[in-house]
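Here is the structure we will look at, set down as structure tokens.
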Amino acid sequence: MNRIILSAAILIFSLSAHAISPDEKLKIIIDTFSIKAEGCKTDKKTHNKSLEELGDFLFNSKLLSGDNDTSCATCHLDNKHLTDGLPVAIGVGGSGEGDARLDSNGVIVPRNVFSLFGRASPHYSTFFWDGKVISSNGKIYSPIGEGSEKGFTSALALASVLPILARDEFLGTQKILFSSKNLKKINPEYFDDKYIAANLLLEEILSGSSEDSKKLREIAKSLGLKKIDLSVIGNALASFIAKKTSLECQKSPWEKYIQGDINSLTTSQKEGAILFFGKARCATCHSGPLMSDMKFHSIGVPQGEFGTHIHKQDIGRASVTFKESDRFLFRTPPLLGVSKTPPYGHNGAFNTLKEVIIFHINPIPFFAQNGWTSRRELFTYGKIIGKRSETLRFIDIQDDTQIDAIIEFLKAL
Amino acid sequence: MIRNIFHIATIIFCILWVTKNIAAPAYVYFRYSEQYITLAAKCANAMDESWFAEQQDTPGLRKSTQIHLLDCHDYDVTRKLMLSLGLTEDVLAYLGLIALETHQRTAEELVEQHRFRER
């Protein structure tokens, strides 16, 4: 009898001894997903030290905007983790920063501004919400042609100049008379011709008499550059972005945890991580060092009143490929520093992390609370909801505590 | 006599010139621009939706897209009428932007949308 009791006690003891602790689970997760702490890693191709000064000047100068009212720094603010904090950007014609731009008469750029952190990473291969710039097998595919043939040293370099060629971001406000020469010369052109038109305009800008033109000439002279074309501008901007984001990049608590500091995450954050990589299925798409698979999916984000395509729609990836299978799909957003960059979604439809997480699980509460986000959505949302990712059907979250834990984990990224 | 004929010819020429270059385009603009915007929007939508629907390669969908594309017939007729009465391609392109709703919109509309959502 005593032997039986003793055996049972040993069995119970051994079972409890083998219960997996959160840290043990996370070790399994880190091994299973081959997770590495590489969020701050910089691709050498993006970074040319000699071009940093030029990039710094161009990033902060309004010289390249048609109406001299916009720079990269207008929408990528230091105090907003290099975003603007708005649902969608306010481009040309605007003034001020962040919320102040809502009071200006600026033009809406119907996409949410993304942070620049992580953009110089070797893992960052797909740029913009619709992936209009993609690096693959040593080539850089873009709306202005293959980039490496044009002298762009990285996809980031090419991605950096596309806003300069965009009507609502840099070229200028459309007027019946006296539109900017940037708008007149670049906007009507397509593909490679846009690149050629921009280079011709750059020659004019370089020979201009404004203070910024003079400064640009001085920098070019000091660097020994005989000409500054769009590829030089892109390479310089990429170098500056690489420098800025790598200097300011700090290892997140999650990365510290990956590297062995098990006290860098709270208990709740550990629970959130286990859910994130497990039954919440987040890591199915939010994977890799940047927490994005760099592929295209849909969660059925409501369209709102503004879009890049006709009739205020945003058809996402299909605006690049024109494939039905890509309609309403967007590139998985990386999650580094995500808690610092509200609002969320390609058009900033979600104000909080909780809102967007619940929308992944079930879109109905969002509409029940907010109603349709545009006057026509009652009739159009059917097209979008049908594109929601299959993966979302397997999310297995059961209460608010679990969502709160995931949010806590996201704060650690 | 010759002088009178010259005067009359000049007046007729001026009237015809003003009619062709100013009065007719102005009339056609005010008479047809709203109709043109509506028809252009319908046609653009038909072309866009048909482009995606036809990729499904479903016979039923294909037939329905052919019907949907009939929306472009009225658009074509109206466009040709407006051009023949002297309205320029530039004006039609501007009206087209409004029809497609891809013209520039200001931050004021964004603020309005949020007011709309908060109601």
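Of the atoms belonging to B:Gln56, it is side-chain heavy atoms, and not backbone ones, that fall under 4.5 Å from chain A. Only the side chain of A:Val92 has a heavy atom closer than 4.5 Å to any heavy atom of chain B. Interface residue B:Ala99: only backbone heavy atoms are found under 4.5 Å from chain A. There is no contact between A:Leu86 and chain B, counting heavy-atom distances below 4.5 Å. At a 4.5 Å heavy-atom cutoff, the contact between A:Ile90 and chain B is made by side-chain atoms alone. Of the atoms belonging to A:Arg167, heavy atoms from both backbone and side chain fall under 4.5 Å from chain B.
The distance from the CG atom of A:Asp168 to the OG1 atom of B:Thr102 is 9.5 Å, given to the nearest 0.5 Å. For the atom pair CD of A:Gln313 and CG of B:Asn45, the computed distance is 7.0 Å after rounding to the nearest 0.5 Å. Taken from CG in B:Leu100 to NZ in A:Lys312, the straight-line distance is 12.5 Å, to the nearest 0.5 Å. How far CG of A:Leu102 is from OG1 of B:Thr106: 11.0 Å, rounded to the nearest 0.5 Å.
Chosen from A:Ile315, A:Val107, A:Asn105, the residue pairing most often with chain B at heavy-atom distances under 4.5 Å is A:Val107. In terms of heavy-atom pairs under 4.5 Å with chain B, the best-connected choice from A:Thr173, A:Val109, A:Val88, A:Asp103 is A:Thr173.
Salt bridge status for A:Lys383 with B:Glu49: present, with a side-chain N to carboxylate O gap under 4.0 Å.
Taking every heavy atom of both residues into account, B:Ala107 and A:Ser104 meet most closely at CB-O, 3.7 Å. Heavy atoms only, all atoms of each residue included: B:Trp51 and A:Phe322 are closest at NE1-O, 2.8 Å. Closest of all the heavy-atom pairs between B:Ala41 and A:His311 is O-NE2, 3.1 Å.
Side chain of B:Glu108 to main chain of A:Gly106: no donor-acceptor pair is present (N/O by atom type, distance under 3.5 Å, no hydrogens or angles). Between the side chain of B:Gln104 and the backbone N or O of A:Gln174, at least one donor-acceptor pair lies under 3.5 Å. For B:Gln55 (side chain) and A:Glu324 (main-chain N/O), a donor-acceptor pair under 3.5 Å exists by modelled atom type.
The closest side-chain heavy-atom distance from B:Glu101 to A:Ile310 is not below 4.5 Å.
Environment of NZ in A:Lys354: crowded, with over 12 heavy atoms of neighbouring residues, nucleotides or ligands closer than 6.0 Å. Annotation: B:Tyr94, atom OH; neighbour count of heavy atoms from other residues, nucleotides and ligands within 6.0 Å does not exceed 12. By the 6.0 Å contact criterion, NE2 on B:His103 is enclosed, its count of non-hydrogen atoms from other residues, nucleotides or ligands being greater than 12. Around NZ of B:Lys20, the count of heavy atoms belonging to other residues, nucleotides or ligands within 6.0 Å does not exceed 12.
Side-chain polar atoms of B:Asp48 and A:His309 form a donor-acceptor pair below 3.5 angstrom.
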